[in-house]
*Asks:* 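Below: one structure in structure tokens.
Every chain is numbered from 1 and lettered A, B, ... according to where its sequence line falls, protein lines coming before strand lines. What you see is a predicted model; the values in this text were computed from it and never measured.
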2 protein chains.
Amino acid sequence: MEEVKLPTFESVFSIDCVIFGFEAGELKILLIERNEEPFKDWLALPGYMVEQDESIDDAAERILYELTGLRDLHMQQFYTFGEVNRHPQGRVITVAYYALIRINGQKELRPVTQFARKAIWHPVNELPKLAFDHSEIFKTGFNKIRRRLNYQPIAFELLPEKFTLTQLQSLYEAVENKKLDKRNFRKKMLSFGFLKELDEKQKGVSYRAAKLYKFDRRKYAKIFHNDMNLG
Amino acid sequence: MEEVKLPTFESVFSIDCVIFGFEAGELKILLIERNEEPFKDWLALPGYMVEQDESIDDAAERILYELTGLRDLHMQQFYTFGEVNRHPQGRVITVAYYALIRINGQKELRPVTQFARKAIWHPVNELPKLAFDHSEIFKTGFNKIRRRLNYQPIAFELLPEKFTLTQLQSLYEAVENKKLDKRNFRKKMLSFGFLKELDEKQKGVSYRAAKLYKFDRRKYAKIFHNDMNLG
DNA sequence: AATATACTGTGTGAAAATTACACTACTAAA
DNA sequence: TTTAGTAGTGTAATTTTCACACAGTATATT
């Protein structure tokens with residue numbers, strides 16, 4: 001980082017977002033390329049300051065939109081980072097949020113402020129060093145969703161609306177970073193009863209097309225008041 | 001609440017603590033009686049502002065000590081509350097922490113600031129309305145430890161160092177609010193292998209004394225890298 | 001010393017869940 | 001029509017969970 005004189009400020013709150021996506025069998029997160037000091041040109045989590053008159057949940061939505069152009073995802077707070085010197089310009093306590101979304105080739109990622117030069121999807125495996133303590137924030141968030149995957153229906157937010165069981169399995173394998181047994185996985189998933197088999201098949205593959213399924217949110221809610229146990 | 005003119009302030013961070021204790025088969029939390037506006041004379045969670053030059057973890061320790069006289073407990077952050085109007089005097093975002101401790105009859109609870117008149121243990125079942133949004137904070141914290149009880153060895157922080165299996169069971173029953181089967185509970189607990197049977201028995205009971213056990217932190221760490229599954 | 005009281009400590013069988021494991025069926029492309 | 005590549009399926013062994021009841025023992029009471 002260059003030596004530049006920067007203004008300092010008193011206590012402020014900020015938000016940082018860890019947004020997961022799944023594409024080509026690979027788990028990715030959304031990063032921005034910073035266009036301002038400090039850490040100009042570095043990759044960072046989308047994050048910015050909370051305004052006086054907005055709740056932190058609202059701030060998270062706004063900030064993500066401004067830095068990446070993404071809207072209307074259900075973000076969820078997961079941890080607050082409050083070390084004294086985590087930000088070089090002053091005291092900044094940041095509340096970290098995560099969300100999981102379908103990566104949508106056509107939906108363009110376009111920051112609406114100058115603060116981010118661009119937003120990109122980056123595989124979680126080969127992450128470079130990120131600005132501030134963002135590497136740590138990412139790691140904490142990844143552990144969080146890794147655990148939540150097994151008792152909350154978050155996998156379906158990462159997949160297209162219609163998906164094959166193999167896609168679902170490969171998502172679990174990517175997050176848990178281990179191979180699962182195909183027959184056992186399918187048996188268990190279907191036994192929950194919240195997957196709806198469609199009268200449709202996968203298109204555009206050069207081999208036997210698989211059946212498509214949908215996640216049935218209503219059935220899920222009926223069956224589980226809270227948890228599913230994929231332990 | 002009375003109509004009093006109060007100063008306002010800009011953004012500040014605060015900490016609120018949800019401290020659980022277990023006594024006489026009952027789960028309790030630590031509350032203070034406020035001695036200052038707003039919510040003077042109300043019961044509240046121990047909580048106060050974070051200073052400029054302390055991390056939030058440090059602040060949590062300091063604040064708990066100042067308001068209750070308690071020290072050296074391992075608190076853990078669990079959620080951050082950031083609604084705009086949660087505090088009548090200005091914008092206050094609060095990071096909530098929990099801890100579980102042995103209630104120790106002889107250890108006196110004595111606030112070291114005038115801000116709290118006194119600190120008391122209150123059963124979690126019949127909680128009155130608390131100051132600010134503290135009822136909500138408590139509820140969130142209680143749900144958190146209810147879940148964590150099943151995959152982290154937190155129960156042992158609430159019990160005396162030497163405890164009987166029946167005491168352990170009644171703690172689980174209090175937190176989960178349901179009866180458990182004695183034989184199955186003991187079988188499963190012992191099967192983990194981290195309870196050390198002592199050559200000692202319960203004292204001062206007017207019936208057959210039960211064996212005492214200790215939680216063996218070293219064995220626990222060896223056996224579980226992370227989790228135990230009491231599902 | 002006998003008796004009442006109150007909790008401790010223990011085992012088994014049935015049911016359910018988890019695991020390991022391998023081949024045929026199908027589709028598209030060559 | 002052949003090839004390449006994934007889809008889709010069942011069973012048996014093992015492990016885990018669950019339901020369930022009574023004799024043993026320390027103390028207090030008479």
*Asks:* Is it true that atom NZ of B/K144 has more than 12 heavy atoms of other residues, nucleotides or ligands lying nearer than 6.0 Å?
*Replies:* yes
*Asks:* Between C/dC21 atom P and A/K179 atom NZ, what is the distance in whole Å?
*Replies:*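 Roughly 16 Å, once rounded to whole Å.
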*Asks:* What pairs meet the side chain to side chain donor-acceptor pair (under 3.5 Å) rule with one or both residues in residues 206-217 of chain A, with sequence neighbours excluded?
*Replies:* A/E197-A/K211
*Asks:* Please, which pairs that meet side chain to side chain donor-acceptor pair (under 3.5 Å) have at least one residue in residues 117-127 of chain A, sequence neighbours excluded?
*Replies:*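 Listed by first then second residue: A/E33-A/R117, A/N35-A/R117, A/D41-A/R117.
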*Asks:* Whole Å only: how far is the NZ atom of B/K187 from the C1' atom of C/dG11?
*Replies:* 8 Å
*Asks:* Take the protein atom CG of A/L165 and the nucleotide atom P of D/dT6, then report the distance between them rounded to whole Å.
*Replies:* 16 Å
*Asks:* Quick one: B/D181 CG to C/dT12 C1', roughly how many Å, whole number?
*Replies:* 13 Å
*Asks:* Considering only nitrogen or oxygen atoms on both sides, find all protein atoms under 3.5 Å from nucleotides 6-8 of chain C and state each distance.
*Replies:*
from: C/dT8; atom 1: OP1; to: B/T166; atom 2: OG1; distance (Å): 3.2
from: C/dT8; atom 1: OP2; to: B/T166; atom 2: OG1; distance (Å): 3.3
from: C/dT8; atom 1: O2; to: B/R208; atom 2: NH1; distance (Å): 2.6

*Asks:* Test of understanding: with ring pair (Phe, Tyr, Trp, His ring centres under 6.0 Å), list the residues that count as partners of A/F78, not counting sequence neighbours.
*Replies:*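 Listed in chain order: nothing, the list is empty.
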*Asks:* With A/F81, which residues qualify under ring pair (Phe, Tyr, Trp, His ring centres under 6.0 Å), at least two apart?
*Replies:*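 A/F81 satisfies ring pair (Phe, Tyr, Trp, His ring centres under 6.0 Å) with A/Y79 only.
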*Asks:* Could you work out, with ring pair (Phe, Tyr, Trp, His ring centres under 6.0 Å) as the rule, every residue matching A/F132, not counting sequence neighbours?
*Replies:* A/F39, A/H87, A/H134
*Asks:* Would you indicate, yes or no, if C/dT18 has its OP1 or OP2 atom less than 4.0 angstrom from a side-chain nitrogen or oxygen of A/K188?
*Replies:* yes
*Asks:* Specify the separation, in whole Å, of atom CZ of A/R183 and atom P of C/dC23.
*Replies:* 10 Å
*Asks:* Does a distance-only test, which skips hydrogens and angles, find a donor-acceptor pair under 3.5 Å between the side chain of B/K201 and the base of D/dT25?
*Replies:*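 Not at all, since no donor on one side and acceptor on the other fall under 3.5 Å apart.
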*Asks:* Between C1' on D/dA7 and CD on A/E197, what's the gap in Å once rounded to a whole number?
*Replies:*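 Answer to the nearest Å: 13 Å.
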